[in-house]
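Down below is the structure, laid out as structure tokens.
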Amino acid sequence: MEKEYKMSAARAQELQEELNYLKTTRSDEVAEQIKIARGFGDLSENSEYDEAKNEQGKLYSRIAELEEILQHVVIVDESSAPTNVVTIGCKVTVCGADGRELPAYKIVGSQESDPMHGIISEESPFGKALIGAKEGDTVTVDAPRGAMTYTVKKIER
């Protein structure tokens with residue numbers, strides 16, 4: 001089975017716009033860089049040509065990655081999700097085993113995660129443990145340093 005990429009409609013639109021930019025504008029820029037570098041002479045000792053070809057490789061790789069993601073995207077409709085259960089799109093406040101309340105985390109699809117800013121993927125160990133939990137539930141997260149327990153304090157949309 002193909003991997004599904006869950007995300008909001010806004011994030012899917014951002015990726016589509018990036019793909020369009022890469023296929024048109026950026027692709028033309030890289031082709032021009034290669035053309036100019038070829039004019040510098042011997043390709044075996046031409047660092048500008050090598051760099052332009054490397055850039056082209058990165059560009060094609062990112063285009064292929066975006067096409068793969070967009071081909072298997074699943075748009076999550078956050079408005080129809082239940083309000084009393086942790087799902088993609090909600091903000092969750094939890095307390096650690098010591099009773100200390102942690103900052104709120106937003107649960108998102110894997111392509112939108114940004115752990116440094118409290119945006120957690122539903123595929124991460126923490127996200128997996130929280131999905132489906134209700135306020136007051138205790139969840140166990142299998143972390144590298146062992147099992148950790150958290151209590152769900154608040155769920156917001």
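FYI, side chains are in, hydrogens and waters are out, and symmetry mates aren't considered; it's all heavy atoms of this structure.
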Of the non-hydrogen atoms in [X] and [Y], which two are nearest, and what is the gap between them?
{"X": "G136", "Y": "T151", "answer": "O-CG2, 3.9 Å"}
{"X": "I120", "Y": "S113", "answer": "C-CB, 4.3 Å"}
{"X": "I75", "Y": "S8", "answer": "CD1-O, 4.1 Å"}
{"X": "S124", "Y": "S121", "answer": "OG-O, 2.8 Å"}
{"X": "E123", "Y": "K128", "answer": "O-CE, 3.1 Å"}
{"X": "D142", "Y": "P125", "answer": "O-CB, 3.8 Å"}

Do [X] and [Y] have side chains that get closer than 4.5 Å, going by heavy atoms?
{"X": "Y150", "Y": "T140", "result": "no"}
{"X": "Y105", "Y": "I119", "result": "no"}
{"X": "E29", "Y": "E32", "result": "no"}
{"X": "V73", "Y": "K6", "result": "no"}
{"X": "D50", "Y": "K53", "result": "no"}
{"X": "R62", "Y": "L19", "result": "no"}
{"X": "S27", "Y": "L22", "result": "no"}
{"X": "E135", "Y": "K154", "result": "yes"}

If you measure from the Lys or Arg side-chain nitrogens to the Asp or Glu carboxylate oxygens, is any gap between [X] and [Y] under 4.0 Å?
{"X": "R26", "Y": "E55", "answer": "yes"}
{"X": "E48", "Y": "R38", "answer": "no"}
{"X": "K106", "Y": "E112", "answer": "no"}

How far apart are the C-alpha atoms of M7 and V76, what are their side-chain angles, what is the distance that settles it, and do they pass the side-chain contact (heavy atoms from CB on, under 4.5 Å) test?
CA-CA 6 Å; M7 65 184 72; V76 177; over 6 Å; no
Side chains of Q56 and Y60 only: does a donor on one sit below 3.5 Å from an acceptor on the other?
yes
Do Q13 and E17 get their side chains close enough for a donor-acceptor pair, meaning under 3.5 Å?
yes
Option from I131, L102, I107 for which side chain to side chain contact (heavy atoms under 4.5 Å, CB included) with V92 holds
I107
Between C90 and the options V85, V108, N84, I155, the side chain to side chain contact (heavy atoms under 4.5 Å, CB included) test singles out I155
Test salt bridge (charged side-chain N to carboxylate O under 4.0 Å, His left out) on K23 and E67 and set out the steps.
CA-CA 11 Å; K23 282 184 159 183; E67 286 176 337; 2.7 Å; yes
Between [atom1] on residue [X] and [atom2] on residue [Y], distance to nearest 0.5 Å:
{"X": "I69", "Y": "E4", "atom1": "CD1", "atom2": "CD", "result": "14.0 Å"}
{"X": "I63", "Y": "Y21", "atom1": "CD1", "atom2": "OH", "result": "11.0 Å"}
{"X": "L130", "Y": "T87", "atom1": "CG", "atom2": "OG1", "result": "11.5 Å"}

Looking at K134, is its backbone amide N or carbonyl O close enough to the side chain of D137 to form a donor-acceptor pair, meaning the two atoms are under 3.5 Å apart?
yes
Is the terminal nitrogen or CZ of K3 (NZ for Lys, CZ for Arg) located under 6.0 angstrom from the six-membered ring centre of Y5 and within 45° of that ring's axis?
yes
